[in-house]
There are 2 protein chains.
Amino acid sequence: MTDSVAATRTGKRERLVDGARQVLHAQGVEASTLADIAAAADVPLGNVYYYFKTKDELVEAAIEAHAADIRAFLASFERHRTPRARLKAFVRALVEQRDLAARSGCPHGTLCSELAKHDDDDLRDVAPQLIQIPVDWAEQQFRELGRRDARDLAIALIASYQGISLLTNTFRNPTLMEREGRRLERWIDELAG
Amino acid sequence: MTDSVAATRTGKRERLVDGARQVLHAQGVEASTLADIAAAADVPLGNVYYYFKTKDELVEAAIEAHAADIRAFLASFERHRTPRARLKAFVRALVEQRDLAARSGCPHGTLCSELAKHDDDDLRDVAPQLIQIPVDWAEQQFRELGRRDARDLAIALIASYQGISLLTNTFRNPTLMEREGRRLERWIDELAG
DNA sequence: GTCTATAGACCGATAGAC
DNA sequence: GTCTATCGGTCTATAGAC
């Protein structure tokens, strides 16, 4: 990502990105200050600007780290042989994060929701790329299931997850996601294909 | 709502609440300043504090106005005789607001998502009451349809709408909500009951 | 009741010592 | 490369004239 390998020897850049991800998820983008992030990363405030020119640039780096994580997360389901098994494993894995969702919502969904209202154009354009990743993956699975409406089903699946994340977070009740997860698994089972 | 009728003769309080709703929806809670809201309401900045002690109090008033609107919105579907017709009319009415959702997301969902991360406790507790209203209404409709799992179906329906609002907003594409709306109408049609 | 002017606090970003 | 100290700007909230 960066050319100055010597600079990252101590891992400060990585710590800043990880700290940013945690703080941004817990507090939201606008409410998170560079002081909060620097403290979470255990890096002095002024040092942040050696690694990132602006706050937005740090946010963008956090998003890119999220994108890489999502891709690895989705790749982990390749061990299942059928698309149906992959989709159900995907739903189960999301449900496992229900306590995190109850506390702060879906890390990617809340980020997209906030960035959509951000005034910086560059940052607004990165958000769609984040949600695009699981949508494309799910579309591929439904297509392998033989569904002509694979795109609509993928959108519906991701929308259901994003929506139940919002409700789980708003009511601070992880059980909501548990029940919706079971419903989605049944829905996948009952899909002809 | 307030006892000082003389104070609201010029409608400034009402204008401030309406301005707050628009600005908060368009920009988000944290990014919206009292100066933005006052300008939208065409009220001098310093005058805001005559009507509201704090910014949070103005946000709370905006939420209460939203709650009243949701109740009126839901009541408008009583003209349909069957619960199935009421649910489908509800979905169609939401889809009609797709351009607004593409621009700024669902007014209630984005508010809940933001307030869940707010540091003020009072404000965090009002958000769930907002989403509770359509969930309770939908549960009642599914119950009248004879469904034992009315609560789960209501949660699933509202979650689908909130999720597709987030995707529609992130991709700035109202067509997503149009297609998902058709899918939800079919889903309601196919429900046994 | 209405509005201006500003206090007081905080944040992003920079300058510059080491 | 690292860190402190601080500037300039912005925001909420208040004081006080009218």
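Reckoned from all heavy atoms, side chains included, excluding hydrogens, waters and symmetry mates. Order of the sequence lines fixes the chain letters, A, B, ..., with proteins taken first and strands second; residue numbering starts at 1 for each chain.
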Inset, instruction - Verify the neighbour count for atom CZ of A:Arg179: are there more than 12 heavy atoms of other residues, nucleotides or ligands below 6.0 Å? - result: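 Open: at most 12 neighbouring heavy atoms sit under 6.0 Å from CZ of A:Arg179.
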Check every atom of [options] against the side chain of [X] and return the nucleotide holding the closest atom.
| X | options | result |
| --- | --- | --- |
| A:Tyr50 | D:dG1, C:dT14, D:dT12 | D:dG1 |
| B:Thr54 | D:dC11, D:dC3, D:dA13 | D:dA13 |
| A:Lys55 | C:dG12, C:dT2, D:dT2 | C:dG12 |
| B:Leu45 | C:dG12, C:dC3, D:dT12 | D:dT12 |
| A:Thr10 | C:dT2, D:dT14, D:dT2 | D:dT2 |
| B:Lys12 | D:dC11, C:dT2, D:dA13 | C:dT2 |
| B:Asn47 | C:dA13, C:dT2, D:dT2 | C:dT2 |

Distance in angstrom units between [X] [atom1] and [N] [atom2], rounded:
| X | N | atom1 | atom2 | result |
| --- | --- | --- | --- | --- |
| B:Leu34 | C:dC10 | CG | C1' | 16 Å |
| A:Asp120 | C:dG12 | CG | P | 14 Å |
| A:Phe52 | D:dG1 | CZ | C1' | 15 Å |
| B:Asp56 | D:dC11 | CG | P | 16 Å |
| A:Glu30 | D:dC11 | CD | P | 11 Å |
| B:Asp119 | C:dC10 | CG | C1' | 14 Å |

Inset, instruction - Could you tell me whether a side-chain N or O of B:Arg124 sits under 3.5 Å from a main-chain N or O of B:Leu115, the two making a donor and an acceptor? - result: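 No, B:Arg124 side chain to B:Leu115 backbone: no donor-acceptor pair under 3.5 Å.
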Inset, instruction - Indicate the atoms forming the closest heavy-atom contact of A:Ala65 with A:Val17, along with that distance. - result: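 Heavy atoms only, the tightest pair is CB-CG1, 3.8 Å.
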Legend entry - Cluster link B:Ile70 to B:Tyr161, ILVMFWY, side chain under 4.5 Å: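 Same cluster.
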Inset, instruction - Specify the residue among A:Gly46 and A:Asp36 whose closest nucleotide of DNA chain C lies further upstream toward the 5′ end. - result: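 Counting from the 5' end, the first nearest nucleotide belongs to A:Asp36.
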Legend entry - Given DNA chain C, 5'-ward residue of the pair B:Pro44 and A:Lys53, judged by closest heavy atom: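 Final value for this comparison: B:Pro44.
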Legend entry - B:Asp56 and B:Thr54: side chain donor to acceptor below 3.5 Å: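 Judged by distance alone, the side chains do not pair up.
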Legend entry - Under-4.0 Å side-chain N/O to phosphate OP1/OP2 contact, A:Tyr51 with D:dG1: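 So the side chain of A:Tyr51 is outside the cut-off, no N or O lying under 4.0 Å from OP1 or OP2 of D:dG1.
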Legend entry - OP1 or OP2 of D:dT14 under 4.0 Å from side-chain N/O of B:Tyr49: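 No, no such contact exists.
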